[in-house]
Amino acid sequence: MNLSSLTHPSLINLQTEFAGRDQAIHLLADQLAAQGKLHDKEAFLQAVFAREAQGPTALGEGLAVPHGKSDTVKEAAFAVATLKTPIDWEGIDGPESVNLIFLLAIPQDQAGSTHMQLLTTLTTALVDDDIRAAVLQATTAEQLLALLSQDAAEPEQPQQDAAQPTIVCVTACPAGIAHTYMAAEYLEKAGRKLGINVYVEKQGANGIEGRLTAEQLNRATACVFAAEVAIKEVERFNGIPRIETPVAEPIKHAERILNQALEAGKSGNGAERVKQQDVPAQKPSVKTELKQALLSGISFAVPLIVAGGTVLAVAVLLAQILGLQHLFDQENSWLWMYRKLGGGMLGTLMVPVLAAYTAYSLADKPALGPGFAAGLAANMIGSGFLGGVVGGLIAGYLMRWVKAHVRLSPNFNGFLTFYLYPVIGTLVAGSLMLFVIGQPVAWLNNGLTSWLNGLSGTNALVLGAILGFMCSFDLGGPVNKAAYAFCLGAMANGVFGPYAIFGAVKMVSAFTVTASTMLAPRLFQQFEIETGKSTWLLGLAGITEGAIPMAIEDPLRVIGSFLVGSVVTGALVGGMGIGLSTPGAGIFSLFLLHDNGLGGLLAAAIWLGAALIGTVISTLVLILWRRQAMKQGKYTIAQPQ
């Protein structure tokens with residue numbers, strides 16, 4: 001980045017003195033205004049002091065970088081002051097001495113571009129002790145700019161000394177720019193000073209940089225997480241003694257942190273350590289990639305669906321049980337607001353979240369904004385759940401292409417990540433959904449809705465049987481999730497029968513585990529009996545995964561038995577035309593069913609009765625099948641030790 005284009009000799013103050021922070025900021029702002037960089041100096045100062053109030057801008061080693069992002073700035077610029085006598089400035093651990101000040105003035109529309117580039121360039125240069133010392137001793141403006149603008153030499157990587165301990169580190173900050181890279185530089189520098197092997201992975205605005213190798217992880221004595229955000233792929237560090245610290249801490253105390261890590265490595269943590277291997281990345285097939293993207297989107301949407309469904313269910317139950325229907329319908333009443341909160345999570349947020357995280361699975365963080373935009377567009381044109389899936393895939397593959405083909409200098413990483421990528425992605429993905437691909441998807445979605453609404457008789461029985469089969473086939477696996485996605489999509493389009501089927505069938509496997517182990521304990525392993533004591537509760541909550549331990553032990557007989565009963569349950573609910581528009585309510589769905597003219601009590605009896613009939617069938621099949629296998633010597637019960 002050409003720093004000289006953003007300043008002027010009159011904005012560079014060498015060996016000056018200030019009474020304190022406020023005087024320094026005011027004087028440098030006066031100089032920026034005199035150079036015609038500001039529309040309104042007072043408004044700019046308000047922006048600077050508002051930023052000072054949010055958190056410290058003293059970054060350690062005597063450096064302070066106050067800044068103001070405001071529309072009152074005509075063009076990006078900065079003013080500099082080196083001080084004869086240090087002044088106090090609010091830092092990480094309270095007031096600290098500062099002898100080098102950079103005041104940045106950034107237009108609001110360049111907050112994610114020029115601001116990040118300038119901050120990265122300055123902090124990367126000034127982390128070097130020699131450069132920082134030379135800047136403080138500079139006698140001319142030209143000399144100071146030359147020091148900041150020179151290409152930073154890459155630190156020579158020392159050969160790994162097997163006799164010395166190895167510390168692996170990860171740095172990450174919310175913006176992924178200044179502190180991420182400064183912390184990494186200081187940790188590496190402290191490692192060289194201490195004579196130990198230090199390797200730092202930077203999880204910044206451009207993703208993971210300097211990824212730690214399997215050899216480095218396997219040799220690590222300890223690890224340091226200097227971060228303010230969640231660490232990506234944290235499972236790689238399982239079993240390695242760990243020190244966690246704020247991302248800014250290594251800027252001041254890198255040696256202390258590394259020494260703490262060494263002590264932690266000596267004491268150990270007793271956890272089992274997993275040996276890492278460098279596995280060459282293999283490109284998955286398109287089929288696998290599509291499946292992973294869809295399941296990822298659904299997994300992120302599920303908490304939203306469950307929470308929204310539960311809030312809506314509570315509102316409905318309160319209205320029905322306490323006779324508060326008038327509050328349920330009265331705009332801005334407390335019960336109406338709960339109704340809107342739950343309904344909004346399901347009706348407004350579900351599709352955008354699904355689309356966003358489907359896109360995220362394909363192209364990481366840059367795809368989130370375009371994914372949300374595609375999901376909102378799907379809502380706008382009425383393409384529903386199916387439109388959200390298609391929009392997420394469009395946004396994901398689009399941003400993957402953009403990331404691969406639109407590249408700039410590393411100095412522009414902030415501009416790419418925070419401005420260019422989301423703007424391009426949102427405009428293109430949103431336009432495609434609104435005007436090109438979205439409309440045909442909406443027609444297809446409406447056609448599917450009409451077909452589902454028209455199902456009756458044998459067709460409804462078959463649909464119920466198929467959904468019952470899929471629900472219990474892999475107990476929360478891809479086939480189960482595919483059925484779940486279909487039911488959610490139908491529900492989003494106003495077709496409530498499929499989710500009623502799914503909700504009833506989810507109880508069958510869990511109830512079967514409990515019933516079979518209670519009725520014939522001699523046919524089951526001890527751990528299966530223990531599992532059966534609690535799975536009925538999971539069944540009431542609509543959770544199928546509780547049956548997985550038994551299914552793993554004897555997959556053919558257990559899964560086969562579940563499927564027989566689940567198909568019957570699904571067919572019974574489907575054939576009766578019962579609906580359910582509130583996901584995640586578990587057994588409380590009894591009070592929330594769409595009765596199809598049967599009456600609420602009869603519909604609830606049929607829905608729960610279908611689940612119990614399926615349970616009886618699955619339990620009998622499992623007991624008989626397991627008994628036959630034991631007689632033939634194909635299955636044996638482990639004797640307690």
[Y] and [X], any side-chain heavy atoms less than 4.5 Å apart:
X: Pro352; Y: Asn379; result: yes
X: Phe486; Y: Leu463; result: yes
X: Leu475; Y: Phe562; result: yes
X: Val311; Y: Lys340; result: no
X: Val224; Y: Val170; result: no

Pair Tyr635, Glu553: side-chain N/O donor-acceptor within cut-off below 3.5 Å | yes

Do Ser561 and Ser618 have a side chain donor and acceptor closer than 3.5 Å?
-> no

side-chain contact (heavy atoms from CB on, under 4.5 Å) partner of Leu398, chosen from Ile424, Leu362, Val428, Leu432 = Val428

Quick one: closest heavy-atom pair of [X] and [Y], and the distance?
X: Pro246; Y: Glu228; answer: CB-OE2, 3.3 Å
X: Pro250; Y: Leu187; answer: CB-CG, 3.8 Å
X: Ala483; Y: Leu467; answer: CB-CD2, 4.2 Å

Let me see the working for Tyr357 and Leu368 under side-chain contact (heavy atoms from CB on, under 4.5 Å), right down to the final yes or no.
-> CA-CA 7 Å; Tyr357 285 98; Leu368 275 175; 3.8 Å; yes

Within the 6.0 Å centroid threshold, strictly below: Phe225 and Phe237 = yes

Supply the atom-to-atom distance Trp607 CH2 to Leu580 CG, rounded to the nearest 0.5 angstrom.
-> 7.0 Å

Test side chain to side chain contact (heavy atoms under 4.5 Å, CB included) applied to Ile587 - qualifying residues, sequence neighbours left out | Met507, Leu540, Leu590, Leu608

Heavy atoms from other residues, nucleotides or ligands near CZ of Phe473 exceed 12 (cutoff 6.0 Å) | no

Answer yes or no: is there an ion pair linking [X] with [Y], defined by an N-O contact shorter than 4.0 Å?
X: Lys232; Y: Glu201; answer: no
X: Arg211; Y: Glu209; answer: no
X: Glu185; Y: Lys202; answer: no

